[in-house]
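For reference, the structure is listed below as structure tokens.
Just follow the structure's listing: the first ligand is 1, and inside any ligand the first atom is 1. As the structure is a computational prediction, the values presented were derived from the model and not from experiment.
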Amino acid sequence: MAVCIEIIQADITTLAVDAIVNAANNTLLGGGGVDGAIHRAAGPQLVTECSALGGCATGDAKLTKGYQLPARYVIHTVGPVWHGGGQGEPQLLQRAYLRCFEVAREHGVKSIAFPAISCGVYGYPLRDAARIALTTAKQVAADDDFQRIIFVPFSEQALQIYQETARRLNL
Ligand code: ADP
């Protein structure tokens, strides 16, 4: 079946998919931005499960249940903090996306939704991050059995950047 790569401007916590991805921090104990929103919507059981995971390295990903979210699972990943691009940020961001797909596959996830990992407090330039996100998804979509890969820009400006990037990549 052909994989569908979608771009939907939304609050990721409202999406009824197999898994939503959380742009978490190394502790996995909750934070601001999308992380805070996911924890609020999932309820307190999420932090309980997260606290047993022993944190998460930058570029890695770990899965929990979704609890009160419409999504079945949350895949927590940690993107790099932007330090100007010369400290391996692109490789780490790509690794974070790839690990999410890997963990998703291990759990039979067919539909997965990503926020703009690292593009909030971590300061990654959205245009560069969108290119990495969409290029990686295109590669994964070519030889995998995901049914839906959804990117979830939160703002109108982010939506435009994702759409423009997708056009440039012929998605
Ligand atoms: P990071 O620390 O990885 O930069 P942030 O949570 O600060 O993570 O931001 C990541 C992206 O998630 C930002 O582009 C931000 O606008 C977006 N975001 C924040 N809340 C939500 C939400 N509820 N749904 C989808 N995206 C969100």
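In summary, of the residues considered (R72, Q45, E49), a side-chain contact (heavy atoms from CB on, under 4.5 Å) with K65 occurs for E49 alone.
Take E102 and apply the side chain to side chain donor-acceptor pair (under 3.5 Å) test, not counting sequence neighbours, and it matches R99. For R127, the salt bridge (Lys or Arg N to Asp or Glu O under 4.0 Å) partners two or more places apart in sequence, or in a different chain, are E164. Residues passing the salt bridge (Lys or Arg N to Asp or Glu O under 4.0 Å) test with D128 are R131, sequence neighbours excluded.
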Ligand 1 N/O to protein N/O, distances under 3.5 Å:
unit_1: ligand 1; atom_1: 3 (O); unit_2: S118; atom_2: N; d: 2.9
unit_1: ligand 1; atom_1: 4 (O); unit_2: S118; atom_2: O; d: 3.4
unit_1: ligand 1; atom_1: 4 (O); unit_2: G120; atom_2: N; d: 2.8
unit_1: ligand 1; atom_1: 4 (O); unit_2: V121; atom_2: N; d: 3.2
unit_1: ligand 1; atom_1: 4 (O); unit_2: Y122; atom_2: N; d: 3.0
unit_1: ligand 1; atom_1: 6 (O); unit_2: V34; atom_2: N; d: 2.8
unit_1: ligand 1; atom_1: 7 (O); unit_2: V121; atom_2: N; d: 2.9
unit_1: ligand 1; atom_1: 9 (O); unit_2: G120; atom_2: N; d: 3.3
unit_1: ligand 1; atom_1: 23 (N); unit_2: D11; atom_2: OD1; d: 2.9
unit_1: ligand 1; atom_1: 24 (N); unit_2: I12; atom_2: N; d: 3.0

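Annotation: Q157, atom CD; neighbour count of heavy atoms from other residues, nucleotides and ligands within 6.0 Å does not exceed 12.
Taking the six-membered ring where the residue is Trp, Y97 and F151 present tilted rings, their angle falling between 30° and 60°.
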